[in-house]
Amino acid sequence: MFLIALQRSHASLMSTLMMFLVIGITLILPSLSFLVVQNLKSFSQNIQHESQISIFLKKDTSIETRNKIERELKGRPEINSYHFVKKEDVWPKLQKSLGFNDSNHGLSENPLPDAFFISPNTVNPVEISGLKLFLDKLEGIDQIIMDTEWVKKLNSILQLANKAILLASILLASMLTVVIGNTIHLQMTSHHEEIELSKLIGATNSFIRRPFLYSGFIYGLGGGLTAAIVLKLIVIFINQTIVEVEALYGTQFIIIDLSLLQYLLIIISSILIAVIASFISINQSMKKYDIS
Amino acid sequence: MIKFDRVHKRYPGNLEALQNITFEISSGDLVFVTGPSGAGKSTLLKLIAAIETPTHGTIIFENKNISQIKSSAIPYVRRKFGLVFQDHKLLYDRNCYENIALPLEINEVNGGDIRGRVRAALDKVGLLSKEKLMPISLSGGEQQRLAIARAIVCRPSILLIDEPTGNLDKKHADEIMNLFYNFHELGVTVIIATHEIPITSKKNKQLYLEEGNLIKITGQ
Ligand SMILES: Nc1ncnc2c1ncn2[C@@H]1O[C@H](COP(=O)(O)OP(=O)(O)O)[C@@H](O)[C@H]1O
Ligand SMILES: [Mg+2]
């Protein structure tokens with residue numbers, strides 16, 4: 001298929017390779033940004049367990065109420081783990097660290113509340129606020145402190161980044177449409193004698209369009225493949241560097257690659273953009289060969 | 001087979017190239033369209049081949065009105081004709097073989113048949129030995145014959161030929177004209193535009209044009 005297309009197309013080898021590069025590099029920009037955002041996302045998902053919700057109970061909460069709260073916490077799917085801290089356990093430690101001792105009690109009464117510390121297993125803001133709403137309704141709770149604000153912020157920044165990438169992709173796609181369209185137009189101009197003659201002796205528009213559409217298809221396929229291959233090489237290169245660093249520091253971090261489907265998506269959108277751009281350009285150029 | 005009824009043709013910004021033209025051509029005719037340069041001979045051929053459309057009037061070809069034809073149907077009308085252009089319109093970036101193969105590709109002829117038909121057409125005009133050459137390396141007469149091979153390769157029933165002997169010497173011009181007479185004898189309708197008075201013993205019909213007017217028709 002590719003060989004036939006190459007044969008039937010009117011593209012020269014040099015200009016074809018140039019187009020591969022232009023399209024490939026243009027496509028790498030948004031794909032790479034997408035890859036970065038995806039990795040940051042998974043990174044933020046990994047640190048979710050370190051984010052925490054602290055629940056401070058009312059002073060006079062009974063053991064029954066406390067047990068009831070604990071049972072409710074056990075039943076929530078968004079909760080990864082929790083632990084309970086008794087005020088009697090913390091108070092002596094706090095006193096010690098403040099420099100008090102048994103003989104000179106600064107305070108006669110323990111001012112601390114009992115507390116639960118929860119690690120949720122999600123960073124989804126909707127799920128988190130759902131959990132908070134649920135906790136708010138429980139009896140015996142004095143205060144809930146969320147430690148997830150910065151995760152939320154990171155998430156909204158990533159969402160913004162996704163939108164920016166989408167916008168940039170649209171701009172780059174229109175730019176590619178212009179560049180490819182212009183190349184096809186030049187190709188048609190250099191074949192205008194052949195087009196003119198073909199029309200005179202009975203060629204249909206689709207016959208005339210065909211070789212130039214093949215060119216567009218080849219540009220798209222080659223450009224998409226270039227982008228996919230370079231992207232894959234970048235990922236392999238970074239991961240290899242990371243593995244070396246890992247060996248030194250014993251950390252565990254690896255770039256998440258795009259999926260096969262996403263690579264295919266890059267190639268398919270490249271082909272689509274190129275073919276559509278060619279089609280528009282061809283139809284524009286062909287208008288001048290029509291008789292009045 | 002071809003019928004003009006009060007046909008006018010005006011090019012944008014020009015006087016009328018053809019005025020009130022009425023005539024009829026039957027299948028198998030040998031027709032000369034004559035008259036001085038600028039009389040409208042080429043325009044007449046272009047109207048027949050649906051390359052130009054008339055400003056007024058009707059052109060009937062094979063019982064169809066081709067003056068009001070859908071643009072998507074035009075290619076199929078044009079394919080019925082074998083066209084030899086005044087300026088040949090050969091493709092100079094393709095060799096002789098490829099020049100002759102193009103109309104077959106346009107007519108969607110089976111790929112396996114193309115080779116044989118190209119070689120048969122080249123053989124008919126005596127250029128079989130030059131199929132690999134580029135047209136630029138051919139003489140004027142050979143280029144003319146290459147253009148004729150391209151016109152006949154799809155076996156059209158009508159040949160439209162514009163100024164075939166324009167810049168050829170007598171000997172080569174006669175050779176070329178004899179080619180057309182051969183096709184005519186095979187039953188092909190041959191229509192030749194020429195500013196020279198044709199000399200032939202063949203039964204023929206002549207349309208004499210002057211400044212866009214059909215002055216006389218001889219040899220009904
Ligand atoms: N494409 C065109 N646009 C404008 N005028 C044209 C065009 N083709 C021919 N003409 C004019 O129409 C007239 C007839 O031209 P043509 O049919 O070529 O005459 P002939 O072939 O007999 O020499 C001439 O005056 C010519 O200048
Ligand atoms: Mg002329």
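Proteins get letters first, then strands, A, B, ... in listed order; numbering begins at 1 in each. Every value quoted in this text rests on a predicted model; they were computed, and no experiment measured them.
- A:K288 NZ: more than 12 foreign heavy atoms inside a 6.0 Å radius.
- The local environment of CD in B:Q86 is crowded, with over 12 non-hydrogen atoms from other residues, nucleotides or ligands closer than 6.0 Å.
- Your options are B:Y76, B:Y92, B:F85, and the one with the most heavy-atom pairs under 4.5 Å with chain A is B:F85.
- Applying the 6.0 Å contact sphere to CG of A:L233 captures more than 12 heavy atoms from other residues, nucleotides or ligands.
- For the atom pair CG (B:L102) and CG (A:L197), the distance works out to 6.0 Å, reported to the nearest 0.5 Å.
- For A:M18, the CE atom sits in a loose shell: 12 or fewer heavy atoms of surrounding residues, nucleotides or ligands are nearer than 6.0 Å.
- Heavy-atom neighbours of B:D87 CG from other residues, nucleotides or ligands within 6.0 Å: above the threshold of 12.
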Does A:T204 form a side-chain contact (heavy atoms from CB on, under 4.5 Å) with B:R79? I'd like the steps, not just the answer. CA-CA 10 Å; A:T204 56; B:R79 287 182 198 179; 3.4 Å; yes
Apply side-chain contact (heavy atoms from CB on, under 4.5 Å) to A:F207 and B:E108, showing your working. CA-CA 9 Å; A:F207 178 89; B:E108 292 152 62; 5.9 Å; no
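- Between B:K89 atom NZ and A:I201 atom CD1 the span is 11.0 Å, to the nearest 0.5 Å.
- Counting heavy-atom pairs under 4.5 Å between each of A:K199, A:E194, A:E193 and chain B puts A:E194 at the top.
- Between B:L83 and A:L200, the closest heavy-atom pair is CD1-O, 3.5 Å.
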